[in-house]
Amino acid sequence: MGLLQLLKSQFLCQLIICYVFLASGLIVNLLQLCTSPLWLINKQLARRLNVRLAYCISSQMVAALEWWSGTECTLYTDPKSYSLYGNENAIVVLNHMFEIDFLCGWTFCERFGVLGSSKVLAKKELAYVPIIGWMWYFLEIVFCKRKWEEDRTTVAQSLQRLQDYPENFWFLLYCEGTRFTPKKHQISMQVAESKGLPKLKYHLLPRTKGFWVTVQNLRGTAAAVYDSTLNFRNNEVPTLLGILNGKKYHADLYVRRIPLELIPEDEAECAAWLHKLYQEKDSFQEHYTETGCFPGPIVSPARRPWSLINWLFWSCLLLYPLALLLIQLISSGSVLTIVVSAAICYAASAGVRWMIGQTEINRGSNYGNKEVPLNKN
């Protein structure tokens, strides 16, 4: 282990990163709340402000991936489609296998300039997670309860509100509905067998109704579906804690651009189309497992400095008063004050660890487990 890597693994460095993220995140959440009256006066201006405020939070996590851990991201895609990325609205269909798959998705959003405006179909519980969840609320993220009877109307209404969104956005969709685990895969393939559908090796059976509703309500707003398949070299299983410890990974992402007009409007035909898409995604993963790479050329955008600059800005802004406070505490010699300060630091660290825990595979939702009835659609 080199000196720099040893430094990154130290608790003090990680505590500083956690402090900057938590403090800046709460400040940004407060600023987002202050934009509420502006929505009544100038909705589009409020949206643009929230895009930039959201970037202040999400880009810090991208900076941790790209600059702190040094994780490399390689893009496999058609050069003809490459020029359109970031210049149009799109629905991104990504496999859901890794704890940091969303973060890799954010990284490519950042490289194409759409990180601040990125959207996702997320479970309702995430709306109550401080910083990220509250940020998403002001970004008009589409939340669902995973109860189709209730979600059908609310999701459609949320998507339709994006029709006049003032900036280009990517809408991330996990069609599998939950993160891949061996147990969920076994149950999902039992459903596939019962419905006469081809079995998948690397994916769960996609939930077709949510995809169909998304496509139907974003027709005329989104130009294409970006079929995205993610994997990591050397069979690595990356985690957010690994990123925080400065561990370096190498992500490979294969993206195909599919014009939205090629996707059937009929619900049954759209469902069949999506099942075929996931069979193709499975073949891409099989190709990666056998060869260590995806098919097609590599056209990777360079990482941009803005996420690092944003983190340095917040660090300078927040660490200076913290340093003055620590000096004052040490000089005061008050045991009680020092103990209370240490407790606050520990609470901050525990808070970040709790938020990280929401992404961990072994603490994922029960959605798709045998104990919870599968939504067979």
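Note that CG of Leu139 and CZ of Arg47 are 10.5 Å apart. Values are rounded to the nearest 0.5 Å. The distance from atom CD1 of Ile263 to atom OG1 of Thr214, rounded to the nearest 0.5 Å, is 10.5 Å. Atom CZ in Arg179 sits 4.5 Å away from atom NE2 in His96 (nearest 0.5 Å). Rounded to the nearest 0.5 Å, atoms OG (Ser118) and CH2 (Trp136) are 10.5 Å apart. Once rounded to the nearest 0.5 Å, the distance linking CG of Leu75 with CZ of Arg111 reads 9.0 Å. Note that CH2 of Trp39 and CG of Leu45 are 10.5 Å apart. Values are rounded to the nearest 0.5 Å.
Residues Arg233 and Glu72 are not paired through a salt bridge, judged by the lack of any N-O separation under 4.0 Å between the basic side chain and the carboxylate. One finds a salt bridge joining Lys209 and Glu267 here, because a Lys/Arg side-chain nitrogen approaches an Asp/Glu carboxylate oxygen to under 4.0 Å. For Lys184 and Glu176, the salt-bridge test fails: no basic side-chain N is under 4.0 Å from an acidic carboxylate O. Taking a cutoff of 4.0 Å between a charged side-chain nitrogen and a carboxylate oxygen, Arg304 and Glu110 qualify as a salt bridge. Between Asp151 and Lys123 no salt bridge is recorded (no basic side-chain N to carboxylate O distance below 4.0 Å). Look at Glu140 and Arg161 and you find no salt bridge, because none of the NZ, NE, NH1 or NH2 atoms lies under 4.0 Å from a carboxylate O.
In this structure, the side chain to side chain donor-acceptor pair (under 3.5 Å) partners of Asp227, at least two apart in sequence or on a different chain, are Arg256, Lys281. For Tyr55, the ring-ring contact (aromatic ring centres under 6.0 Å, His included) criterion is met by no residue, not counting sequence neighbours. Under the ring-ring contact (aromatic ring centres under 6.0 Å, His included) criterion, Phe138 pairs with no residue at all, not counting sequence neighbours.
The closest donor-acceptor contact from the side chain of Asp252 to the backbone of Phe232 lies at 3.5 Å or more, if one exists at all. Thr71 places no side-chain N or O within donor-acceptor distance of the main-chain N or O of Lys248, the cut-off being under 3.5 Å. Checking side-chain atoms of Asp282 against main-chain N and O of Tyr202 turns up a donor-acceptor pair under 3.5 Å. At distances below 3.5 Å, not a single donor-acceptor pair connects side-chain atoms of Asn95 with backbone N or O atoms of Met97. When atom types are taken as modelled, the side chain of Asp266 and the backbone of Ala268 share a donor-acceptor pair closer than 3.5 angstrom. The closest donor-acceptor contact from the side chain of Trp68 to the backbone of Leu244 lies under 3.5 Å. At distances below 3.5 Å, not a single donor-acceptor pair connects side-chain atoms of Ser228 with backbone N or O atoms of Val255.
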Thr35/Asn50 under side chain to side chain donor-acceptor pair (under 3.5 Å): CA gap, chis, key distance, verdict: CA-CA 8 Å; Thr35 67; Asn50 274 284; 3.2 Å; yes
Trace of the side chain to side chain donor-acceptor pair (under 3.5 Å) decision for Thr74 with His250: CA-CA 8 Å; Thr74 300; His250 195 133; 2.8 Å; yes
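Side-chain contact between Glu236 and Lys247: present, with at least one pair of heavy atoms (C-beta onward) separated by less than 4.5 Å. Using a 4.5 Å cut-off on side-chain heavy atoms (C-beta onward), Leu173 and Val92 make no contact. In this structure the side chain of Asn89 never reaches within 4.5 angstrom of the side chain of Tyr165, judged on heavy atoms.
Contact between Glu88 and Trp170 at its shortest, heavy atoms only, is O-NE1, 3.8 Å. Scanning both residues, Cys104 and Ala251, for their nearest heavy atoms gives SG-CB, 4.0 Å. When all heavy atoms are compared, the tightest approach of Leu126 to Phe143 is C-CE2, 4.3 Å. Contact record, Thr221 with Leu162: CG2-O, 3.8 Å, taken as the closest heavy-atom pair. Between Tyr82 and Val299 the shortest heavy-atom distance is CE1-O, 3.2 Å. Shortest non-hydrogen contact noted between Tyr19 and Leu318 is OH-O, 2.9 Å.
Of the listed residues (Phe284, Tyr226, Phe108, Tyr76), just one forms a ring pair (Phe, Tyr, Trp, His ring centres under 6.0 Å) with Tyr254, and that residue is Phe284.
Side-chain contact annotation: Trp306 with Asn310, donor-acceptor N/O pair under 3.5 Å absent. At a cut-off of 3.5 Å, with distance as the only test, no side-chain donor of Tyr288 or Thr229 sits close to an acceptor on the other residue.
Residues His185 and Phe180 place their aromatic rings such that the two centres sit under 6.0 Å apart.
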